[in-house]
Amino acid sequence: MDYLDGLNQAQREAVEHTEGPTMVLAGAGSGKTRVLTYRIAHIINKGGSPFNILALTFTNKAAREMKERIGKIVGESNAKSIWMGTFHSVFARILRTEAEKIGYPANFTIYDSDDSKRLLKEIIKSQGLDDKVYKPSLVSNRISAAKNNLLTPQAYQQNLTLAKEDQQSKKPMIGKIYEIYDKRLFKAGAMDFDDLLFKTNILLRDFPEVLNKYQDKFRYLLVDEYQDTNFSQYIIIRALAAKFENICVVGDDAQSIYSFRGANIQNILNFKNDYPDVATFKLEQNYRSTKNIVKAANSLIEKNKEQLKKDVWTDNDEGHRIKLMRAITDNEEGGHVANTIFQVKNNEQAHHKDFAILYRTNAQSRAMEDAMRKLNLPYQIYGGLSFYQRKEIKDLLAYFRLVVNPQDDDAIKRIINYPARGIGKTSMDRLILFSNENDIPLWQVLCNINQYPVQIGNAAKNKIVGFVEMVQSFIAIAEKKDAYETGQLIASTTTILKELYADKSVEGLGRYENVQELLNSMKEFVEDADQSQGIPKLADYILDIPLLTDQDEKDKEDSDKVTLMTIHASKGLEFPYVFVVGMEEELFPSQHASQSQTELEEERRLFYVAITRAEKQCYLTYSESRYKWGNLTYSQPSRFLQEIDEQFLDLSGAAAVTSKTPNHRFPDPGSNWGGNQTRRPSSAGTSTTGTVKPTTPPSRFKPTSRLNASNKGGSSTGGAPSNLAAGMRVEHGRFGNGTVLGIEGVGENKKAIIEFDGAGKKQLLLRFAKLKVT
DNA sequence: GGTGTGTAGGTTTTT
DNA sequence: CCTACACACC
């Protein structure tokens, strides 16, 4: 048990206290995963059976890594026997075993959010509702929230608060949509993500013998990232833990960032109420970051009101201050980041994989990617569209889904006419209508198309028969052959492979390669499978694919690449050098969040997470303008930049950070965001994009001095003339000549709408735009 | 009835 | 900028 020696006092106590309710409050970088790992190993070393342990992690990757580490202490076979994974994957597995009890096939399909939105959209339209009012994504969020709070469609419709909210937002039919949606899912033998938790709750509530079985089985419960659990997850845990109360939750309220997904920070704040005799351990020593980073993060997070008292500290070096960098455009921002990486990598002999670029929204990755490519820096981008969400992959998977679960209506709709085989929209509309009105699965309708009174031309009918026969042959094959053989057969028989191969465009080539990659992964799956359990079938391969994320797939540990990801995706990770980019109002904090205090606090926690990923050095960057939907918009530095105590910041790379509260301590406080720009974006001499060769990264970008110098020189109103009016001809450094169509807004928000001869219509804020009347 | 082209419209964050 | 839907043609 020498592993205990490597732990500090608090960590060790948390590890050794294996019985009874336990809460570990773990500050960022305080060795939380270590504690969890050793605690599980310790339970086994003390004679606990690995079969009796259930550990719920936030990602499957985290589970895999933890298992590996545990295996090194207690042996691989022990580690293998532990139930470990995300809530969704663990309970999907249980639901498959117990499916009939709640009326589902064991092969039930899991719908990802894309699938459920498609279904919702169809329902909304079939109800004669406007899908611009009832936006599928909005309705989906609403239903998701209901499910995560264990509200059935009936409960939803009877809930006065919800009814009132829906009335007020002029969407009174959401409850009804929810009801139909649920029926359709059931009919299709499908569950969405939230159902995996919801139905687990139903199962444990309605079948005491099942509850009892799993209570006995999971005698030791461990939940990682407890601050990000939602009500539905909370009730599952509470039910499973009720018998032995060997429940250990680990988390950090300061890192709760998933409330949009129903996560309830109260779960961790109230843990004491549920288990009064809980043993609480606080891990406060940070082993990850420098003093500067830890203190800067502390100074930020203390602005939040709602939190458990913690005092995170570190013995590590002082380190460097957090460096603030300013750019003129998002492309330049990318350039700065790429150049800095290039320099630091050379100066410090760092590897590419030591760097991470974190952003608030996936859309920001583009500018960063471009910049990385320009300097030939290898990078790996996580998140965004995952492999399995690509259209070509989803199409092929839809065939697989249909073969495994013919009830899956959505799969049929997706592929009945892909590749095009002459079964069009009109036919499908009629078939779907008939199927829904008579509550007959679509597949059954198709199989007996000649017996049902559906108005469809003979040509289409014949094609449907052909389709059905093809799918039936797949079903027969899938029962006998392995997943790879079946997959290969489907991909070629449907001519999907041929179609994609024929497309010789770059994108087409990519799609073809993706499908090949999917088939390769099926081959690997078959080869890796434990053949003693029987032939690894298609069903075994596809069932839980929707639960896989990007990160679960391609983690080539050895690949030396810069990491690009959202801050959300970076949770739990650490990097020597971290760039948090896009530190701008409306972006971070997101425009959505600046309204309410709770949302703002969550954004602040998100920023806290971002900073605390860094081990040695953290950089914060912002840009004064960025392209949104193809046109330039202007932005202000994030308010969060001013919430970090100045003594931990290095402002030499940033110009004045102005704010709505003018009297603060950044240098050059009065600097003219009010319209004294003497430079225009395109003439930014420091811009590196496209001009700098990898061999000569400039060490010269210092917007501050340049801007200040020019500001001091020109006290004029450098920007647009105040008498600008519609009809005037103007010249803009970037967009060329144009005609003013109108002026809008007042004061600092005054903007001109200008039709540029070459660049089209633009809205430019006068305080930024350098316009010359011609 | 199916297939191809224009133009609206859309960006948090994810299992 | 990119994707999804609506309209006009075959």
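To find a chain, count down the sequence lines: A is the first, B the second, and so on, and within it residues start at 1.
- If you check every strand for non-hydrogen atoms under 4.0 Å, A/Leu197 touches nothing.
- Here A/Asn362 reaches the OP1 or OP2 of B/dT14: one of its side-chain N or O atoms lies under 4.0 Å away.
- Contact annotation for A/Asp194: no contact, since no heavy-atom pair falls under 4.0 Å across all strands.
- Nucleic acid contact class of A/Phe588 (heavy atoms, under 4.0 Å, all strands): none.
- Between A/Asn148 atom CG and B/dT14 atom C1' there is a gap of 12 Å when expressed in whole angstrom units.
- Residues A/Lys628 and A/Gln455 each lie close to DNA chain B; by heavy-atom proximity, the contact nearer the 5' end of the strand is made by A/Gln455.
- Between the C1' atom of B/dG2 and the NZ atom of A/Lys463 lies a distance of 9 Å, rounded to the nearest Å.
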Using the salt bridge (Lys or Arg N to Asp or Glu O under 4.0 Å) rule, take A/Arg401 and A/Asp410 through it: C-alpha gap first, then chi angles, then the decisive distance, then the call. CA-CA 9 Å; A/Arg401 275 162 53 184; A/Asp410 183 70; 3.2 Å; yes
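- At B/dT12, none of the side-chain N or O atoms of A/Arg261 fall inside 4.0 Å of OP1 or OP2 (strictly under the cut-off).
- Regarding A/Tyr627, its OH atom lies at a distance of 15 Å from the P atom of C/dC2, rounded to whole Å.
- Looking at heavy-atom distances under 4.0 Å, A/Ser427 makes contact with sugar-phosphate atoms alone, never a base.
- Taking side-chain N and O atoms only, A/Thr566 has a distance below 4.0 Å to OP1 or OP2 of B/dT14.
- When the side-chain nitrogen and oxygen atoms of A/Asn417 are compared with OP1 and OP2 of B/dG1, none of them lie within a distance under 4.0 Å.
- The aromatic ring of A/Phe260 sits over the base of B/dT13, with ring centres less than 5.5 Å apart and planes tilted by under 30°.
- None of A/Val578, A/Val609, A/Thr361 except one satisfies the side chain to side chain contact (heavy atoms under 4.5 Å, CB included) rule with A/Ile567; the exception is A/Val609.
- Residue A/Arg613 holds its CZ atom at 9.0 Å from CG of A/Leu358, rounded to the nearest 0.5 Å.
- Rounded to whole angstrom, the span from the CG atom of A/Leu606 across to the P atom of B/dT14 amounts to 10 Å.
- Distance, A/Tyr382 OH to B/dT15 C1': 18 Å, rounded to whole Å.
- C/dA4 and B/dT13 are spaced 23 Å apart, taking the C1' atom of each and rounding to whole Å.
- Residue side chain A/His568 fails the stacking definition with respect to B/dT14, as its ring centre and the base's six-membered ring centre are not both under 5.5 angstrom apart and under 30 degrees in plane angle.
- Taking the six-membered ring where the residue is Trp, the centroids of A/His568 and A/Phe260 are separated by under 6.0 Å.
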Would A/Asp115 and A/Arg118 count as a salt bridge (Lys or Arg N to Asp or Glu O under 4.0 Å) here? Give the steps. CA-CA 5 Å; A/Asp115 301 326; A/Arg118 277 168 58 97; 5.2 Å; no
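- Between the OG atom of A/Ser635 and the CZ atom of A/Arg626 there is a distance of 6.0 Å, given to the nearest 0.5 Å.
- Across all strands shown, A/Arg118 has no heavy atoms under 4.0 Å from either base or sugar-phosphate atoms.
- In this structure, A/Asp182 CG and A/Ile177 CD1 are separated by 13.0 Å, a value rounded to the nearest 0.5 Å.
- In this structure, A/Ile110 places its CD1 atom 13 Å from P of B/dT15, rounding to the nearest Å.
- When heavy atoms are screened at a 4.0 angstrom cut-off, A/Ala420 is found touching the sugar-phosphate backbone but no base atom.
- Every residue two or more places apart in sequence or in another chain was checked for a salt bridge (charged side-chain N to carboxylate O under 4.0 Å, His left out) with A/Arg366, and none qualifies.
- Nearest nucleotide to the A/Thr426 side chain, out of B/dT14, B/dG1, B/dT12: B/dG1.
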Distances under 3.5 Å only, N/O to N/O: pair up the protein atoms with those of nucleotides 4-10 of chain B.
none

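- The pair A/Glu601-A/Lys303 does not meet the salt-bridge criterion, since no charged nitrogen lies less than 4.0 angstrom from a carboxylate oxygen.
- The distance from atom OH of A/Tyr359 to atom P of B/dT12 is 16 Å, rounded to the nearest whole Å.
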Restricting both atoms to N or O, compile the protein contacts to nucleotides 4-10 of chain C shorter than 3.5 Å, with distance only.
residue: C/dC5; atom: OP1; partner: A/Lys121; partner atom: NZ; Å: 2.6

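- When each of A/Lys121, A/Lys394, A/Arg390, A/Lys391 is tested with A/Asp114 by the rule salt bridge (Lys or Arg N to Asp or Glu O under 4.0 Å), just one qualifies, namely A/Lys394.
- A salt bridge does not link A/Glu122 with A/Lys125: every distance from a Lys NZ or Arg NE/NH1/NH2 to an Asp or Glu carboxylate oxygen is 4.0 Å or more.
- Summarising the geometry, the separation between CG on A/Asp429 and P on B/dG1 is reported as 10 Å, rounded to the nearest angstrom.
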